[in-house]
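Quick note on labels: first sequence line is chain A, next is B, and so on, each numbered from 1. Model, not experiment: these values are computed from the prediction.
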Number of protein chains: 2
Amino acid sequence: MKKVDIILSNGTVVTMNEHLDVFPQGAVVIKDGQIVAVGPAADLGGEYEAEQTIDCAGQVIMPGLINAHTHVPMSLIRGLADDLRLDVWLYGYMLPVEREFMNEESCYYGTLLSCAEMIRSGVTCFADMYYFEDEVARAAQEAGMRAICAETVMKLPTPDATSYDESLEYCRRFIAGWKGHELIVPAVGPHSPYTCTPEILRETARLTQEHDVPLLIHIAETEGGVEGTRQLYGCAPAFCLDDFGVLDSKTLAIHGVHLTEEEMELMVQKGVGVAHCPTSNLKLASGVAPVTRMLDLGLNVGIGTDGPASNNNQDMFEEMRLAALLAKGITGDPKAVPSRIALTMATIGGARALHLDRITGSIEVGKQADLAVVDMDVLHVTPKFELSSDNIYSRLVYAAKSADVRHVLVNGRLLMRDRELLTVDVETITAEVQRIADRVNVFLMRREESLLDKLVAIGGLEWRETFEVQVKGSVEGEVAVKEGLAHPDISAVWRPSVRDQYDAYLLFADKGQGCIRHREDNVMREEGAVPESIRTLTLTEPGIEQEFDNSVLLSRSRFTSKADRTLRFYCEYFEPDSVKEVSKHRQRWHIRYKGVQFAVNFDRLTKPAYEGAFLEIKSRTWSKKDAEQKALLIGELLDVFNVDRGNLLKQDYVDF
Amino acid sequence: MKKVDIILSNGTVVTMNEHLDVFPQGAVVIKDGQIVAVGPAADLGGEYEAEQTIDCAGQVIMPGLINAHTHVPMSLIRGLADDLRLDVWLYGYMLPVEREFMNEESCYYGTLLSCAEMIRSGVTCFADMYYFEDEVARAAQEAGMRAICAETVMKLPTPDATSYDESLEYCRRFIAGWKGHELIVPAVGPHSPYTCTPEILRETARLTQEHDVPLLIHIAETEGGVEGTRQLYGCAPAFCLDDFGVLDSKTLAIHGVHLTEEEMELMVQKGVGVAHCPTSNLKLASGVAPVTRMLDLGLNVGIGTDGPASNNNQDMFEEMRLAALLAKGITGDPKAVPSRIALTMATIGGARALHLDRITGSIEVGKQADLAVVDMDVLHVTPKFELSSDNIYSRLVYAAKSADVRHVLVNGRLLMRDRELLTVDVETITAEVQRIADRVNVFLMRREESLLDKLVAIGGLEWRETFEVQVKGSVEGEVAVKEGLAHPDISAVWRPSVRDQYDAYLLFADKGQGCIRHREDNVMREEGAVPESIRTLTLTEPGIEQEFDNSVLLSRSRFTSKADRTLRFYCEYFEPDSVKEVSKHRQRWHIRYKGVQFAVNFDRLTKPAYEGAFLEIKSRTWSKKDAEQKALLIGELLDVFNVDRGNLLKQDYVDF
C-alpha cells in the first residue's frame, strides 16, 4: 500500500483530459499536492493508503474551474452603480472611486472577498489584472488559490502609479518578488492598445519575455476601443499588438468581442489565449464575442467573469452556462458551444489560454491537484440520464449551480470542505469590506448631493469667482454697433472675435444647486476660416445680484472644465430636471470707453429663434463702488450704441 | 393588539407596489392568507400580535417570483438530450419519450419535482402548459403553490388525447373541476397558431371566454413557426389569433421572439400578456425577443423559464438576471432593462401578464401573502451600497442567487422555512422521478442500439421483406435496350417511368446494423412534365445472399417511411460513420419474358460520375427453386439486351 495524502473516492470523475475520460465510480489520489493516480475507485482502493479519504458518492469530481479574467479587488464596489451608460459608469463612478479608495488595504480585502466567493463556486485558479498586485498576490496566496496576477500599466495615472514608468518599475519589483511561487504567477497587464502607448506596449512585451511571465491585455472589447486603436495606430488591435511584439509573450487577450477573422488567425499562429467574458460583454453592452469562430479556428478560449463591478458575480457556473447559451442564440445554431465545450473552456481550455495547462486544468497524473467536488444529488439536477457521454456535461453546465460545490482543493490542499471555507475568515473579510464600502457610500452620497462634487469627480476643473456688471438690450442691427464703435470716447477697439455658441443649460428644481452650462463654442479666428470648436462645462453657483438703473452687478462662482465627453454623458451623469438650449451667433469686441475696459457682444439668437439682435455690455469689477461707477458708464454706452432703453435685460439669455 | 397569523419582521421589504416602496427595517403582517399590513417594523410592531414572528434581519422580504411559462412535468426529462438541432431534439427525443412515458403518474411526480425546485428558488406562482393538467393541478395544490394550469390542445394526437375533440372535452371537465380554487386557475392552452386549426383557435377562445379562464399560447417562438403560420393563415401570428377571437380572452402570449411592431401594438390594445423566456430562446437558438420594445409599447411582460427540458433549470433568479443582461447586449444600450425592471417583470409584471395582479405579484394590503425572503448577508452579495433606490434591485438581480432564498410563503402558508421544504417530500419525489427516468433511459438506450428502433421512434414506418433475384451489367447505350425490348419473347412492355434518383446511404462501421438510404426520387410522369419528388427513408437490414451464375438471390428486410424531414436531420439523428451519395438517371420498364415478370432498369450514374450505362434486371421471387428458374431466364435476358458478361455486378451501386 502506497502512502498518500488524500483520496477522493466514489465520485464520478470528469477528467477533462485529452480523451475526456469519465470514471463513474472513480477516485483521485493526491500526494504532495499532485495527482498521483486517477481511475475506477475499485482499482485504486487496494493500492493506496491515504491520510484522509473523502467519500464523494453522488458527486462529481472535476478540475477546479478557471476564471480567465477578473479584477478581484473590485468586489469592493460590487453593485455600486449599474445600468448606466458605459462612460457615466466608468468616468462618473468607477474611476473616481478607484482613485479615492483603492490602496494596499482595500485591494487586499477585496481580493480576499473575491477568493472566498470564487472558492465557494468551485474556482481554483484566476487571472487577475488590477493595481497593487502585490496585495492581490498576498491575499490569493493566503486564501490558497492559484492566480496569475497582472499589474496594470497604462498611459494614464493609476491608483498605484502617477506614471507608467512607475508602473513598470512596480512590475519589475513584483515579478522579482513572486517569480517561481508555487501558486502565484506574476504578470504584466498593459491595459489595452488604446490606453497604452507604443512605448508601453514594447516595454511590457520585452519585460514579460525577459522574465517569461504572462502578458494580459484587453482587446477589442468595444467598438469604440477598436476605433480608438485604429486612430492611434492605423490598424486593427491584434495587428498593432503584433507590431510591438506583444503577441510573442505568453499572451492572454481579454474579451475579443470585435476581433476580425484576420486578427483571430494571427492570434492562432501566435498561440495567444483568449478570455471570453459573456456576462460583462452583455452587461456593458459591448456585444457578443465570436466564440464559435474562435474555437473553430483553434484558439484556446477560456471563460472569465470580468471584475465583480461589471457582472456582479464571480460565478463560473453561471458564466459557462451563459457561454453555452449565448453562442446558440447568436449563431442561430442550437449545437453551438455544447456543454462539453463550455466545460472545456472553463477548465483545460482556460488553462491553455493562460499558458498553465501543464500544471492545471484537468485531472491527470502529474498535474497539481486543483479540484472541485460538486453535489449532483440535488433537486435541480434530478433526474440523471446516462444516454450518451454528453449527459454528464449537460448536467454540470445547464443544471448544476455554484451552490452545489461541496469541496475545493488547490495544490492538494482543501480550501473548502462541506461548503466550509478553511483558509479565509469570512466574518473578518465581510466586516472589513463593508467598512470600506460604507466610506465609499458616504463619499458618493456627499458627491451626489453637490453638483460641484460630481463635477470634481470627473476631473480637470478650474475655479473662478466672477464679479461683473452687465446689461443687454435690443438693437436694430450691426450698423448701430459699427456706428457706436466709431464714437470719439471709445479709444481702443480690438479686432472682434466671431463665434457660434451652442449652449445647453442643465437646470435643477433646487435652484440652490446652481446650474451647469455645456458650451460648444465655434470660434472663427479669421473670416472664412474653419471654426475652431471649444467645448466647456461650467457650473455657475447661485450668485448675488444688485440692480442698478441701467445694469446689474453679478457676483458668482464659476467652475469650468474642458468638456471632453458628450452632452448626453453629462445629462445622464448630472440628471438635471430640465435642459434648455440657447444658441447664438456672437461678435465680441473689447473696447476702452473713457479709459475703462468693456466687452461688447453683438448677439443674434438662433435658439430660441428671435427676430432682432441684442447688444450686451459688460465689465469685470472688483468692488461695489467700482461697479456703481461702471453702471453709469454702461448707461452712457447704451446711448452710444443706440440701445432701446425700454427693453433692457438684466438676466442671462437662459433666464428669459 | 390585533391578532394575526404571521409577521415577517426586520427585513428590507421590497414591495414592488406602484411607488416601488422599500422599507429598510420593514415588516409584513399576514392574516387568513392575506397581507393585512406592510410598513416600517417599528410602526407595526406595537399594533399586531402574531402566532408566529419570523425575524428577517439581513434579509429582503419580496413578492414571490412568478414563473410566467413552463411545462412542469418535463423536469422528468431534464438533461435527457441537449445541444441538438431543434427537430432532432423534438422529433427524435421529446415527442417519442412524451408519447411513451407521459401519463397521470409521471406528470404528477414531474410536477412535484418542479414545485420543489421552484419553491427553493423563491417562486410562488407559475403558469404551466402541458398534458394531464388535472395531475399538474393536483400536485401544485399539494405543494401549496399558486398555478395557472393550461391543458394543451393541438391538431396532432397528444399523450392524453387522440384528437383535439378529446382535448377540448378534457378542458371542459378540468375547468369545471378547478374553477374557483384558492390556488389553482384552470386554463386552456392551444399550442400555437400553426399546430392548431382555425376551429381549435375559435373553440378555445370561446371556451375560455365562457368560463372566464386564461388562454395560453406559444407565439412567434421561431422564424419557422411564423412562416408556418403565414402559410396556413396568410398573416402574422397575432393577427391570425385576433381573427379567431383568441386575443379577447385573458390571453398570455408565450415567447414572442419574432413579433412585428404591428403585432405588439395590437397586443397592447387587446391587453395580452407576454411570457419572455430568454434562456430557452437562446438554448434552442430561436433568437432574442424584443423585450425593450415590448416594454416601451406598454405590454405586460413576465419572465418564464420554459420547460426544464429546454433550460434546464426553473431558476427565476437566473432568468431575470439573463433578461436584464441580454437586453443590454442585444440593443447595445447598457441602460436597457435595468435591474428594477427585471425584478418588476419577475413579480408584478408577471402577475399582470397572467391577469393575476389583483391577487399576487406585489406586497400590498389586501393581496394574498405570496412572499420570498432572501438572505443578503452572503459573500456574493457583499458589500451593500445605499447610494440610490436602485442599489437594492441591483443586488437582487445581478448578485443574489436562488440558493439565497430562505423562506417562501404562498397564500400566507410557509412552504419553505430556513430552506427546508415543508409541503413536499423530496426523497419520495426524487426516487419516483429517477425510477421513471431509468425506464426512459432503458427505452432510449435500446433504441439507440438499433437503427430500426430509432426509425420507429420518429414514426410512420412500413415494413417489407424483399426476396429477389437481380443482376447489373454494362451496356452500350439506350439503343441496345430498345432493340432488346423488341425481342419476340418479350410479350408485354409497360410504358417506362423516367426518374432522377438522388440517394444518400448512411453507413455504419457495424455492418450488422444494416444501412439507411435516403432517396429523393424525381419521377417524370410524362415527357417534359415537372418531376414529382418523392422522398423515402429505407432501412435495409443485412440480407442473405446466394450467388447464381448470372445473378444473385437477395433476401432482406426493408423498412420504408416517407422522409418528411431533411437529410441533415437524419444524419444528425442516426449519426452514421459515413455517408455515401449515389445519383442516377433511371428508366424503368416492366416486362414479361416467357410469361415471367421482370423489371428492367436502364441507369446512367451521375454520382459517382461514370461514363457508360448499366442495365439492371430483377424479379421478385418467393422460393429458392423459383429464384433458380428466374436466374436462368435472367441469363437469357442478358443476351437479349446484349449485356457485357465479362463485367456483371451483383451488388448495389453503393457497394462498389
J.: Taking every non-hydrogen pair under 4.5 Å, which of A:Q434, A:R85, A:E117, A:M445 racks up the most with chain B?
T.: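 The candidate making the most pairs under 4.5 Å is A:Q434.
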J.: Quick check on B:L84 against chain A: is it the side chain, the backbone, both or neither that has a heavy atom closer than 4.5 Å?
T.: backbone
J.: B:D83 and side chain to side chain donor-acceptor pair (under 3.5 Å): which partner among A:K328, A:R340, A:K335?
T.: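 Checked A:K328, A:R340, A:K335 against B:D83; only one passes side chain to side chain donor-acceptor pair (under 3.5 Å): A:K328.
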J.: If you count the non-hydrogen atoms of other residues, nucleotides and ligands that lie under 6.0 Å from CZ in B:R568, is the total more than 12?
T.: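 No, because the 6.0 Å sphere around CZ of B:R568 holds 12 heavy atoms or fewer from other groups.
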J.: Does a side-chain heavy-atom distance below 4.5 Å link A:L421 with B:L379?
T.: yes
J.: Side chain from CB out, backbone as N, CA, C, O: work out which of these in B:R395 comes under 4.5 Å of a heavy atom of chain A, or both, or neither.
T.: neither
J.: Side chain, backbone, both or neither: which part of B:S402 has a heavy atom under 4.5 Å from chain A?
T.: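 Only the side chain of B:S402 comes within 4.5 Å of chain A.
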J.: Does A:R78 use its side chain to pair, donor to acceptor, with the backbone of B:T382 at less than 3.5 Å?
T.: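 A pair under 3.5 Å: yes.
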J.: Compare every heavy atom of A:A285 with every heavy atom of B:G332, then report the nearest pair and how far apart it is.
T.: C-CB, 3.5 Å
J.: Where does B:L326 contact chain A at under 4.5 Å (heavy atoms): side chain, backbone, both or neither?
T.: both
J.: Side chain to side chain donor-acceptor pair (under 3.5 Å), that's the test. Do B:R321 and A:N312 meet it? Break it down for me.
T.: CA-CA 10 Å; B:R321 184 173 197 252; A:N312 301 346; over 6 Å; no
J.: Can you tell which part of B:D390 gets under 4.5 Å to a heavy atom of chain A, answering side chain, backbone, both or neither?
T.: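 For B:D390, no heavy atom lies under 4.5 Å from chain A.
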J.: How about B:K384 and A:N441: does a side-chain donor come under 3.5 Å of a side-chain acceptor?
T.: no
J.: Please report the shortest heavy-atom distance between B:P383 and A:A437, naming the atom on each side.
T.: CB-CB, 3.5 Å
J.: Can you find a pair of side-chain heavy atoms, one from A:F385 and one from B:V440, that are under 4.5 Å apart?
T.: yes
J.: Relative to chain A, which segment of B:I77 carries a heavy atom at a distance below 4.5 Å: side chain, backbone, both, or neither?
T.: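 Contact with chain A involves both backbone and side-chain atoms of B:I77.
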J.: Measure B:V288 against the heavy atoms of chain A and call it side chain, backbone, both or neither at under 4.5 Å.
T.: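 Contact with chain A involves no heavy atom of B:V288 at all.
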J.: Only pairs of heavy atoms separated by less than 4.5 Å count here; which of A:D333, A:V426, A:L284, A:T279 has the most with chain B?
T.: A:T279
J.: Tell me, for B:V381 versus chain A, whether the close heavy atoms (under 4.5 Å) come from the side chain, the backbone, both or neither.
T.: backbone
J.: Give a yes or no on this: more than 12 heavy atoms of other residues, nucleotides or ligands lie within 6.0 Å of atom OH of A:Y91.
T.: no
J.: Can you tell me which of B:E572, B:R120, B:K283 forms the most heavy-atom pairs within a distance under 4.5 Å of chain A?
T.: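 That would be B:K283.
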J.: Measure distances from B:A116 to the heavy atoms of chain A and classify the residue's part below 4.5 Å as side chain, backbone, both or neither.
T.: both
J.: Measure A:A399 against the heavy atoms of chain B and call it side chain, backbone, both or neither at under 4.5 Å.
T.: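 Both parts, backbone and side chain.
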J.: Using a cut-off of under 4.5 Å for heavy-atom pairs, which of A:S114, A:S339, A:S286, A:A81 has the most such pairs with chain B?
T.: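 Among A:S114, A:S339, A:S286, A:A81, the one with the most close pairs to chain B is A:S339.
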J.: Could you check which of B:L387, B:V433, B:N281 has the highest count of heavy-atom pairs closer than 4.5 Å to chain A?
T.: B:L387
J.: I'd like to know if the side chain of B:D82 reaches the main chain of A:N391, judged simply by a donor and an acceptor atom lying under 3.5 Å from each other, with no hydrogens or angles considered.
T.: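 Answer holds: no.
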J.: For each of A:T430, A:V442, A:D438, tally heavy-atom pairs with chain B at distances under 4.5 Å, and name the one with the top tally.
T.: A:T430
J.: Using non-hydrogen atoms and a 4.5 Å limit, figure out which bit of B:Q314 sits close to chain A: side chain, backbone, both or neither.
T.: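 Neither; nothing under 4.5 Å.
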J.: For chain B, find which of A:D315, A:V337, A:V88 contributes the most heavy-atom pairs closer than 4.5 angstrom.
T.: A:D315
J.: Non-hydrogen atoms of chain A under 4.5 Å away: do they reach the side chain of B:E386, the backbone, both or neither?
T.: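 B:E386 touches chain A through backbone and side-chain heavy atoms alike.
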J.: Is it the backbone or the side chain of B:N311 that comes under 4.5 Å from a heavy atom of chain A, or both, or neither?
T.: both
J.: Side chain, backbone, both or neither: which part of B:Y109 has a non-hydrogen atom closer than 4.5 Å to chain A?
T.: neither
